[in-house]
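Here is how names work: the chains are called A, B, and so on, in the same order as the sequence lines, proteins then strands, and each is numbered from 1.
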Number of protein chains: 2
Amino acid sequence: MKSINLSLDYLEINESCFLKFVLLSMVSIVLIGTGNIATHLFDTFSLYDATHVIQVVGRSQESLSYFSDKVDTRLLTNQIKEADIYIVAVSDDAIPEVSKKLKPLKGLVVHTSGSVAMTALLSNNIGVFYPLQTFTKGKKVNFKNIPICIEAEKSANLKTLSSIAEVISDTVYNITSEQRKHLHLAAVFVNNFTNYMYAIGNDICDINNVPFDILKPLIKETALKIEGLSPLDAQTGPAKRDDIETMQRHLGQLKSRNQQKIYKLLSESIQKKYGKKL
Amino acid sequence: MKSINLSLDYLEINESCFLKFVLLSMVSIVLIGTGNIATHLFDTFSLYDATHVIQVVGRSQESLSYFSDKVDTRLLTNQIKEADIYIVAVSDDAIPEVSKKLKPLKGLVVHTSGSVAMTALLSNNIGVFYPLQTFTKGKKVNFKNIPICIEAEKSANLKTLSSIAEVISDTVYNITSEQRKHLHLAAVFVNNFTNYMYAIGNDICDINNVPFDILKPLIKETALKIEGLSPLDAQTGPAKRDDIETMQRHLGQLKSRNQQKIYKLLSESIQKKYGKKL
């Protein structure tokens, strides 16, 4: 029995390697979009033989200028090439409209959005290829460290997506549209709202003539701390300690009524969260 | 003229080196306190010849156990050694009480708090030695990257503080009690409240069966992004874009009324901030 099991395993491994080889050697990509994500994806796919971008499609010649000396470029709806995967990397609002404009395509059509349902795409083969990261224009990123959330209706399509995702990233997750919706909401808190906390910190420093740079090592350590500790265990500060005197003094220091409201609401929330545990 | 100027510069440089040498070769330290900051400071001072901890003072034998085989230890008020600097590294509330209990000391007495005024210390020579960082028990820190904010009434004392701060850290700032008060408030936003944003993100993931780990690279990048970009310029997300539809959907997704309130207040604040700029 043991030897049969072993040989089956062996066959399975070889079959999966063979499939991967066939898929990877075949993946041709058309990028639809010319913004931040499209540019970062183009640069990243260009690093590997297995992911070949054969065309970039944009809405204006100007938006295509970065790509035009590197790859075939086309205006939307004009002579789109046949490819294995079409990656629609446009703003959330534009996805349905761009999807409508694409003529019926044989290949797999995916979008890159965190908050739009897969079914917003109108095609026979649809999916999602969502790199969960904040992209800055002109700042190189290493996709190896960026989680890619993939989804597809058909299992063969999921396999294709998984193959190209695994080429560029070390962490690939199968995530449903429902899960992705919540992941995107969580990302608003840990990315957008966190950055807004930095902005308020910066304001307070500016008003009081203190260089914001002093706070940057603290900001970095706060982010790194939760690598080994849950945010629940990492919480510190006057609200966690129920230090009423310090909180009152802080409220008095804040000049902006809006910042006072934020300080109060967040402190009360932290107090409630930890108070219940006592 | 030129040669006279040069030789004066030369003299000045040598004088400052000599002063530094004299100060550094003389600095003996008594640490009062046995918590996180005291432990991290003890470990760090022990790395250098110039900063010699001669005694650690605590409120109980148990709290002194980490130090007792490494250095002379004493219970508070008992036979405190003569030293150049006494560092009171206890909780904010305890600073006045501990300060009262110390017999009149010749050396410089400083505390390590971000929010307590220097004058809370009752002694002839007082100051502040505030390392601006979040310390985790058992997690080694590299003080070289931690900004140290120093303050003293007398300029000779400030020089002494500056000398030992520069031994352990690459960034030392002269910060008044007034500035430090605001810096500490800004730190509550970028550290405590930011960590609470992580906690809400974690909650949303847990409830919806998505691993929180997917968000960790985003959290790291959000913190690193402001190295080269102001938080004002780094802001992204539905509130910044005034994307009402996404914000409404997000509010519908949140199960907790408190989290809804936070989402609403922060989104409205971001909208106002960027709306005014249009």
query = Is A:L183 close to B:C205 at the side-chain level, that is, under 4.5 Å between some pair of heavy atoms?
reply = yes
task = Side chain from CB out, backbone as N, CA, C, O: work out which of these in B:N191 comes under 4.5 Å of a heavy atom of chain A, or both, or neither.
result = both
note = Okay, A:Y173 and chain B: the region with an atom under 4.5 Å from a heavy atom over there is side chain
query = By side-chain hydrogen bond (donor to acceptor under 3.5 Å, both in side chains), which residues pair with A:N208, not counting sequence neighbours?
reply = B:H182
task = Under 4.5 Å heavy-atom distance to chain B, tell me which part of A:I200 shows up: side chain, backbone, both or neither.
result = side chain
Considering all heavy atoms, the nearest A:A223-B:A223 contact = CB-CB, 3.7 Å
inquiry  = Would you say that more than 12 heavy atoms from the other residues, nucleotides or ligands in this model lie under 6.0 Å from the NZ of B:K144, or not?
reply    = yes
query = How many angstroms lie between atom CG of B:D206 and atom OG of A:S230, to the nearest 0.5 angstrom?
reply = 9.5 Å
task = Assess the side chains of A:T222 and B:N195: does a donor N or O sit below 3.5 Å from an acceptor N or O?
result = no
query = chain B: which of A:I146, A:L185, A:T194, A:I204 shares the most heavy-atom pairs with it under 4.5 Å?
reply = A:L185
note = Interface check, chain B: of A:H184, A:K216, A:E245, A:H250, most non-hydrogen pairs under 4.5 Å belong to A:H250
request  = Could you check if a side-chain atom of A:Q133 sits within less than 4.5 angstrom of a side-chain atom of B:K220, using non-hydrogen atoms only?
outcome  = no
query = Is there a side-chain contact between A:Y198 and B:F189, using heavy atoms and a 4.5 Å cut-off?
reply = no
note = Max heavy-atom pairs within cutoff under 4.5 Å with chain B, candidates A:R241, A:Q235, A:E221, goes to A:Q235
message = Is A:I226 in contact with chain B via its backbone, its side chain, both, or neither, using a 4.5 Å heavy-atom distance?
response = both
task = Go through the steps to decide whether B:L266 and A:M197 satisfy the test side chain to side chain contact (heavy atoms under 4.5 Å, CB included), and finish with yes or no.
result = CA-CA 9 Å; B:L266 295 180; A:M197 296 299 115; 3.6 Å; yes
query = In terms of heavy-atom pairs under 4.5 Å with chain A, which of B:P211, B:S91, B:C149, B:P147 leads?
reply = B:P147
remark   = When rounded to the nearest 0.5 Å, the distance separating CD of A:E268 from NZ of B:K261 is 7.0 Å
inquiry  = So which atom in B:L218 and which in A:T134 form the shortest heavy-atom distance, rounded to 0.1 Å?
reply    = CD1-N, 3.5 Å
Nearest-0.5 Å distance that lies between atom CD in B:Q259 and atom OG in A:S269 = 8.5 Å
request  = Supply the atom-to-atom distance A:I262 CD1 to B:I262 CD1, rounded to the nearest 0.5 angstrom.
outcome  = 10.5 Å
request  = Locate the shortest heavy-atom distance separating B:Q179 from A:N209; write the atom from each residue and the value.
outcome  = NE2-O, 3.0 Å
request  = Examine whether an atom of A:E227 lies under 4.5 Å from a heavy atom of chain B, and if so say whether it belongs to the side chain, the backbone or both; otherwise answer neither.
outcome  = both
ask   = Do you know which of A:P217, A:G237, A:G201 has the most heavy-atom pairs with chain B at a distance under 4.5 angstrom?
value = A:P217
query = In terms of heavy-atom proximity below 4.5 Å to chain A, should B:I207 be classed as side chain, backbone, both, or neither?
reply = neither
query = With chain B, which of A:D93, A:N202, A:I214 has the greatest number of heavy-atom pairs at distances under 4.5 Å?
reply = A:I214
task = Return the option, out of A:L254, A:V190, A:T136, A:V210, with the maximum number of heavy-atom pairs under 4.5 Å with chain B.
result = A:V190
key: Per-residue contact mode, B:F212 against chain A (heavy atom under 4.5 angstrom)   = side chain
message = At under 4.5 Å between heavy atoms, what parts of residues 32-42 of chain B are in contact with chain A? List them by residue number.
response = none
message = Salt bridge check, A:K273 against B:D203: does any charged N sit closer than 4.0 Å to a carboxylate O?
response = yes
task = Would you indicate whether the side-chain heavy atoms of B:M247 and A:V188 approach each other to under 4.5 Å?
result = no
query = Which region of A:T176, side chain (C-beta onward) or backbone (N, CA, C, O), has a non-hydrogen atom less than 4.5 Å from a non-hydrogen atom of chain B, or is it both or neither?
reply = neither
Donor-acceptor side-chain pairing of A:T236 and B:N192 below 3.5 angstrom = yes
Validation row: B:P231, A:Y196 side chains within 4.5 angstrom (heavy atoms) = no
message = If the condition is side-chain contact (heavy atoms from CB on, under 4.5 Å), which residues does B:S169 pass it with, not counting sequence neighbours?
response = B:I148, B:T171
inquiry  = Quick test of your reading: applying salt bridge (charged side-chain N to carboxylate O under 4.0 Å, His left out), list the pairs with at least one residue in residues 171-196 of chain B, sequence neighbours left out, ordered by first then second residue.
reply    = B:E151-B:R180, B:E178-B:K181
task = Give the intermediate values and the outcome of side chain to side chain contact (heavy atoms under 4.5 Å, CB included) for residues A:F193 and B:F193.
result = CA-CA 10 Å; A:F193 291 164; B:F193 291 165; over 6 Å; no
